[in-house]
Structure formats: C-alpha cells, structure tokens
Amino acid sequence: MIFKSSIARRRLANFRANRRAVWSLWVFSIVFVICLFAELVANDKPLLVSFKGELFTPAFQFYPETAFGGDFETEPEYPDPVVQCLIKTGGVEDCFDEPEDILEKVAAGTFDTATEGFDKGWILWAPVRYSFNTINYDVATAPSPPDANHWLGTDDQTRDVLARIIHGFRISTVFALIVVIFSSAIGIAAGAVMGYFGGWVDLFFQRILEIWSSTPMLYIIIIMSAIFTMNFILLTVLIILFSWMGLVGLVRAEFLRARNFEYVRAARALGVPDWKIMFRHLLPNAMVATITFLPFQITGAIGALTGLDFLGFGLPPSYPSLGELALQARNNLQSPWLAFSAFLSISLMLSLLVFIFEGVRDAFDPRKTFK
C-alpha cells in the first residue's frame, strides 16, 4: 500500500492537518473534473437523441441531416427549430414548410408528439447549450449581458462566456500541469548533476544557464509565432524551454550542501552508484525546497499563458482562452460582466492551486509532526 510506511502516513497526516489545502483540493478537483468533461457540460450539440426508436449521440459522432429526415448530407444545425421539429416529429415533411404552429411549439418545448399524431422523439441537451465557439445570431447586441440563455453573458462575438470559461479552465490547467511536470524534471536533473559533481561540471552548466537565462522568452515566442502557426504543443514546448531554470539553483544548493555528509561518504565507500546516491538519498532532502517553489511555477505557467493570450502571441483565436476573455474585457469596458468573469475564474484557479501546494509543502516538510 502507498500509505503503509510511517513516512507516507506522516505526510498524509500533515496534509490533512492543513484544512485550507484539503478544502481547496476538493473544490479544485470537482471543478477540474467538470471542466475535464467540458463537452458533456457545454455543447451546442445534443448529448443524446431519440429518433424513430433509435439512439444517436451527436456530441461525439457525426450524423448527416438525412439521418433525421432532412435533405442534406451535411451535419444539421441542432439548435435550429426545423431540425428539432424533424427529430421530435419523426421527420415529417411539414417541418420544411415551416408551419408557425409546429415551429413555435417545438421552440417553446410544448410540442406533444403523442397528441399531434407523430412518432415520438426527444433530445437531451448539455446543461449549457452552447460550445466555446458557438455564435448566437439571435442576440441583439454584442457583448450581451447575462440572461436566462447566457448565464454569464456573451462576448463581442456573441459566444457564451460560461462555455468559454469551462473549456478555457481545462486548457489552462492541463497546460500548467504539463509545463510544471516536464520543467521540474529537467530542472531537478540539471541541479542534481551540478550540485553533486561540482567542479568543472558545475562551472560548465553555470555558463550555459547564464547564456540561456539572458535569452528573452517573449521575443523568442514572438519570432516563433511569426514563423510557425502557434498551437498548444508548440507553445507548451517553448514555455518548458524557459521555465526549467527556476528549480536549478534550489536543487543545486541542496546537493552542494549534502554531498559531503557522512551517509553520502559511506554510500560512496560501499560502492553505491552515483545516480542512486543522487536520487535515492540526496533528492529527498531537496524535496521541501523544490515543492515550496512549485506553486510559483504552476501559477507562473498559467500567468504566462494568460499573458501571451492577452497580448495575442499565445494560442490561436479558435482556442477558448481566459487571456482572450481578459482582452475582451479591456476592449469592452461598457460590459463589466466580462471583466468580472475573467478575474474571478483566473483568481479562483490560482488561489486554489497555491493553497493545495502549500499543503503538499507541509506534507513533505520533515519538521512537521502529527497534529
């Protein structure tokens, strides 16, 4: 079992003792799971459709309009009252004539297929009936304030703000976790090698760090965005290349301090390989300083993504982005709901992550004892 050892039990007890970290973990986990399955929460395509006794899943599979009694082989516009009329009436031809009585009843949800004499069909929608890129042409003004259809209003392209926040929260969190995992692995490995071996190895890598750290990250990203079409993978790689240096100094200092301890000398005398001494005996001592720095890394990754999107050098406009939402808030000061939505979503995400990593830091602190 993972918590069978006394050290693991002590760490778990220390984390549980930090009530703020525990509650933050619960809240963040619930929000992240909801956003992880964003297509089930915010989608302009039905999750499930019953048509003539058969079940369809338009949110996950392509169906032509002809599958529901239409005339075209293209994907139907499911919010269209005509398409809903076709599904709920079993594909009767009268839907194309747009009889006002049928379309009005379908749009209002009062159409009773049993009493009207048609085959019964039904549509199961997501809680938010808009995706992050759905443009609502029925909105009179853009941006539009919150209402019954758009709980947080729409942006300047009449896209639902809540749907974009749900999808943007997922992208920001996944981006930050990938950046932190890979940059931490590179930074810990580099710092461990520099601190453990010292000498010319340390001097050589120090010169590389000086050169690489003096390279302006923003200019490199601007140049790369001008040469290549920026996407999620390319932006993630670029951020990792410039974010791994933050942990090098901390890990190097811990390894320099501990490499001449008695137990390390004894391990060397017994013929223990260097890599095993580094990562089994010395690295645990450097974990507290490393984990203490992780909240700054993860918030820095989210801040970098948000800032680049705000400046227009981040993800393409087709991606849902919290930074792009903040940019719209700046450009539309007459629409305060955009600013409130962007600020609350970003601040909530960063606060929860910082509180969680504070608990993780306390869990790995050897000075902490059972409460």
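- Residue-environment remark: CD1 (Ile233) stays at or below the threshold of 12 foreign heavy atoms within 6.0 Å.
- Asp155 places a side-chain N or O within 3.5 Å of a backbone atom of Thr158 that can act as its donor or acceptor partner.
- Using a 4.5 Å cut-off between side-chain heavy atoms of Ile, Leu, Val, Met, Phe, Trp and Tyr, with links allowed through other members, Trp275 and Phe261 fall into different hydrophobic clusters.
- Residues passing the side chain to side chain contact (heavy atoms under 4.5 Å, CB included) test with Thr74, sequence neighbours excluded: Phe72.
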Walk me through whether Asp160 and Asn136 qualify under side-chain contact (heavy atoms from CB on, under 4.5 Å).
CA-CA 8 Å; Asp160 188 75; Asn136 189 353; over 6 Å; no
Please walk me through it: do His281 and Val264 pass side-chain contact (heavy atoms from CB on, under 4.5 Å)?
CA-CA 8 Å; His281 301 290; Val264 177; 5.5 Å; no
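- With sequence neighbours excluded, the residues that form a side chain to side chain contact (heavy atoms under 4.5 Å, CB included) with Leu152 are Val161, Leu162, Ile165, Ser341.
- Between Phe56 and Leu48 the shortest side-chain heavy-atom distance does not fall below 4.5 Å.
- You'll find the side chain of Leu325 stays beyond 4.5 Å of the side chain of Ile346, heavy atoms only.
- The CZ atom of Phe255 sits 12.0 Å away from the CE atom of Met194 when rounded to the nearest 0.5 Å.
- If you chain together hydrophobic residues whose side chains sit under 4.5 Å apart, Leu350 and Leu344 never meet in one group.
- Below 30°, between 30° and 60°, or above 60°: for Phe296 and Phe293 the angle between ring planes is between 30° and 60°, a tilted geometry.
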Report the C-alpha distance between Ile240 and Trp244 in whole Å, list the side-chain angles of each, state the deciding distance to 0.1 Å, and finish with yes or no for side-chain contact (heavy atoms from CB on, under 4.5 Å).
CA-CA 6 Å; Ile240 291 174; Trp244 63 272; 5.5 Å; no
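- A 6.0 Å sphere centred on CD of Gln157 holds more than 12 heavy atoms belonging to other residues, nucleotides or ligands.
- Formation of a donor-acceptor pair under 3.5 Å by the Thr57 side chain with backbone atoms of Ala59 is not found in this model.
- Nearest heavy-atom pair, Gly195 versus Leu256, reported as atom, atom and distance to 0.1 Å: O-CD2, 3.3 Å.
- Rounding to the nearest 0.5 Å places CG of Asp44 at 3.0 Å from OG1 of Thr134.
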Which pairs would a plain distance check flag for residues 169-190, meaning a side-chain donor or acceptor within less than 3.5 Å of a matching protein atom at least two apart in sequence or in another chain?
| residue | atom | partner | partner atom | Å |
| --- | --- | --- | --- | --- |
| Arg170 | NH1 | Leu36 | O | 3.1 |
| Arg170 | NH1 | Glu39 | OE1 | 3.1 |
| Arg170 | NH2 | Glu39 | OE2 | 3.0 |
| Ser172 | OG | Gly168 | O | 3.0 |
| Thr173 | OG1 | Phe169 | O | 2.8 |
| Ser183 | OG | Val179 | O | 2.5 |
| Ser183 | OG | Val180 | O | 3.4 |
| Ser184 | OG | Val180 | O | 2.6 |
| Ser184 | OG | Gln297 | OE1 | 3.0 |

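- The two residues Phe355 and Ala21 come nearest to each other via the heavy atoms O-CB, 3.3 Å.
- Side chains of Leu315 and Asn231 form no contact here, defined as non-hydrogen atoms less than 4.5 Å apart.
- Using a 4.5 Å heavy-atom threshold, the side chains of Leu40 and Phe60 count as touching.
- Scored by the side chain to side chain contact (heavy atoms under 4.5 Å, CB included) test, Ile227 finds Ile223 as partners (sequence neighbours excluded).
- Applying the ring pair (Phe, Tyr, Trp, His ring centres under 6.0 Å) definition to pairs two or more places apart or across chains, those involving residues 132-151 are Tyr130-His150, Phe132-His167.
- In terms of heavy-atom proximity, Ile166 sits nearest to Ala38 at CG2-CB, 3.8 Å.
- Atom CZ of Phe204 has 12 or fewer heavy atoms from other residues, nucleotides or ligands within 6.0 Å.
- With sequence neighbours excluded, the residues satisfying side chain to side chain contact (heavy atoms under 4.5 Å, CB included) with Glu254 are Arg257, Ala286, Ala289.
- Annotation: side-chain hydrogen bond (donor to acceptor under 3.5 Å, both in side chains) contacts involving residues 342-352, sequence neighbours excluded, are absent.
- Taking the side chain as every heavy atom from C-beta outward, Ile356 and Ser24 approach each other to under 4.5 Å.
- For CZ of Phe197, the number of neighbouring non-hydrogen atoms (other residues, nucleotides, ligands) closer than 6.0 Å is greater than 12.
- The CG atom of Leu338 sits 10.5 Å away from atom CG of Leu327, with the distance rounded to the nearest 0.5 Å.
- With sequence neighbours left out, the salt bridge (charged side-chain N to carboxylate O under 4.0 Å, His left out) criterion links Glu75 to Lys45.
- Taking CG of Asn149 as the reference point, atom CG of Asp138 lies at 9.0 Å (rounded to 0.5 Å).
- Following chains of ILVMFWY side-chain contacts shorter than 4.5 Å, one cannot reach Val33 starting from Trp23, and the two form parts of different hydrophobic clusters.
- Summarising the geometry of Ala126 relative to Ala42, their closest heavy-atom pair is CB-N, 4.2 Å, with the distance given to 0.1 Å.
- Pairs of residues two or more places apart, or lying in two chains, that qualify as salt bridge (Lys or Arg N to Asp or Glu O under 4.0 Å) and include a residue from residues 310-331 are Arg159-Glu324, Arg164-Glu324.
- Side-chain atoms of Thr299 and Met349, non-hydrogen and from C-beta on, never get closer than 4.5 Å to each other.
- From Leu353, atom CG reaches atom CZ of Phe28 across 4.0 Å, with rounding to the nearest 0.5 Å.
- Applying the salt bridge (Lys or Arg N to Asp or Glu O under 4.0 Å) test to every pair with at least one member in residues 177-198, sequence neighbours left out, gives no pairs at all.
- Environment of CZ in Phe343: sparse, with no more than 12 heavy atoms of neighbouring residues, nucleotides or ligands closer than 6.0 Å.
- The two residues Gln61 and Tyr63 make their nearest non-hydrogen contact at OE1-OH, 3.1 Å.
- Taking CZ from Phe357 and CG from Leu25, the interatomic distance works out to 10.5 Å, rounded to the nearest 0.5 Å.
- Contact of the Leu322 side chain with the Asp309 side chain is not registered, since no non-hydrogen atoms from C-beta on lie closer than 4.5 Å.
- Residue-environment remark: CZ (Phe62) exceeds the threshold of 12 foreign heavy atoms within 6.0 Å.
- A donor-acceptor contact shorter than 3.5 Å links the side chain of Asp80 to the backbone of Val82.
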Show your reasoning for whether side-chain contact (heavy atoms from CB on, under 4.5 Å) applies to Leu283 and Met278.
CA-CA 6 Å; Leu283 184 59; Met278 292 167 58; over 6 Å; no
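- Shown here for Gly191 and Val251, the closest heavy-atom pair between the two residues is C-CG1, 3.8 Å.
- Scored by the salt bridge (charged side-chain N to carboxylate O under 4.0 Å, His left out) test, Glu358 finds Arg20 as partners (sequence neighbours excluded).
- Residue pairs satisfying the side-chain hydrogen bond (donor to acceptor under 3.5 Å, both in side chains) criterion with at least one member in residues 188-212, sequence neighbours excluded, are listed as follows: Tyr196-Arg268, Tyr196-Asp274, Asp202-Arg252, Arg207-Glu210.
- By the 4.5 Å heavy-atom criterion applied to side chains, Thr215 and Phe242 are counted as neighbours.
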